[in-house]
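Working notes, structure below.
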Amino acid sequence: MRLRNTDRILLLALSLILLCLQSVQANTEKLIFFASSSDNQEQECIHDRHDETGYVLKPPYSTIQRALIPSTPNTTITSSLSQHWYTLDELQTDMNYEVRISYPATSPTDFYLTLYRVCNNGNKRYLLVQGDYAGVSNIPGIESSPVTYDIVIENLYLGFLFYQVYKISAAIATVLLLGQFVILPKIRQIIQECIDSKNNKD
């Protein structure tokens, strides 16, 4: 069955709404890197930091939620509160990865992600997460309030397809099927009833 122009427009609108819902929930910062032994010289080498990296992220997908107090020029905050270290373990050679941080849009914070390679270990990286307070507020003490964030690592296939793309694909397919076989027929029925009602009155 061929789609009418109005049907195509409605289906497109439903798809755009779904995509917008995926992106408006929070601010996001991300870092994409390629795990390869040939890039070792491009990243600073640091030795084991097990004392500071109690949190481990492993592909193909893992996530952790934590809270960080952003640093400001006028306050002194211990490094353990204003920065977090993570271990990125079990990385596969010649694979692309994305590390992503999402945090509430109501929290005016600039996050910075810095990647370090582990000396003599090509399958592990260290990630340093830092946050700076980036807003102006008339609420006392807001700049020292912790900001909750979610950090995620996942595989990237073909350089741009992330590991959980199948979930969004399934959601889009569901919306399209509902639109085609449930929503659009209902809309057409309502419009037709309105037209018939008007014709009967005339």
hydrophobic_cluster_shared for Tyr112 and Leu57, side chain cutoff 4.5 Å
no

Kindly work out whether a path of hydrophobic side-chain contacts (I/L/V/M/F/W/Y, heavy atoms less than 4.5 Å apart) joins Ile187 to Ile195.
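Yes, Ile187 and Ile195 fall within the same hydrophobic cluster.
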
Between [X] and [Y], is any pair of side-chain heavy atoms under 4.5 Å apart?
X	Y	value
Thr87	Lys124	yes
Tyr149	Val129	yes
Asp196	Gln192	yes
Tyr133	Ser71	no
Pro70	Thr109	yes
Leu127	Thr114	no
Val56	Tyr86	no
Tyr97	Asn155	yes

Between Glu154 and Arg100, does any NZ, NE, NH1 or NH2 come within less than 4.0 Å of an OD or OE carboxylate oxygen?
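Glu154 and Arg100: salt-bridged.
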
Determine, stepwise, if the pair Asn96 / Phe33 fulfils side chain to side chain contact (heavy atoms under 4.5 Å, CB included).
CA-CA 6 Å; Asn96 287 290; Phe33 67 96; over 6 Å; no

Rounded to the nearest 0.5 Å, what separation is found between the [atom1] atom of [X] and the [atom2] atom of [Y]?
X	Y	atom1	atom2	result
Asp110	Glu29	CG	CD	7.0 Å
Gln130	Trp85	CD	CH2	8.0 Å
Leu115	Leu31	CG	CG	5.5 Å
Gln83	Leu128	CD	CG	5.0 Å

Assess the residue pair Val99 and Lys30 against the criterion (side chain to side chain contact (heavy atoms under 4.5 Å, CB included)); give the C-alpha distance rounded to whole Å, side-chain angles, the decisive distance to 0.1 Å, and a yes or no.
CA-CA 6 Å; Val99 178; Lys30 65 181 180 179; over 6 Å; no

Only residue of Leu88, Thr93, Asp89 satisfying side chain to side chain contact (heavy atoms under 4.5 Å, CB included) with Leu91 is Leu88

Looking at Val152, Asn27, Leu68, Leu113, which one forms a side chain to side chain contact (heavy atoms under 4.5 Å, CB included) with Ile101?
Leu113

May I ask you to check if Arg125 and Tyr116 form a cation-pi contact, with NZ or CZ under 6.0 angstrom from the six-membered ring centre and within 45° of the axis?
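Here Arg125 fails the 6.0 Å and 45° test against Tyr116.
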
By side chain to side chain donor-acceptor pair (under 3.5 Å), which residues pair with Gln92, not counting sequence neighbours?
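In terms of side chain to side chain donor-acceptor pair (under 3.5 Å), with neighbours along the sequence ignored, Gln92 is linked to no residue.
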
Give the intermediate values and the outcome of side chain to side chain contact (heavy atoms under 4.5 Å, CB included) for residues Thr63 and Ile153.
CA-CA 7 Å; Thr63 180; Ile153 185 173; over 6 Å; no

Applying side chain to side chain contact (heavy atoms under 4.5 Å, CB included) to Ser102 and Thr28, what does each step give before you reach the verdict?
CA-CA 4 Å; Ser102 59; Thr28 302; 4.1 Å; yes

Would you say the rings of Tyr103 and Phe111 are close, in the sense that their centroids are separated by under 6.0 Å?
yes

Applying side-chain contact (heavy atoms from CB on, under 4.5 Å) to Glu193 and not counting sequence neighbours gives Gln189

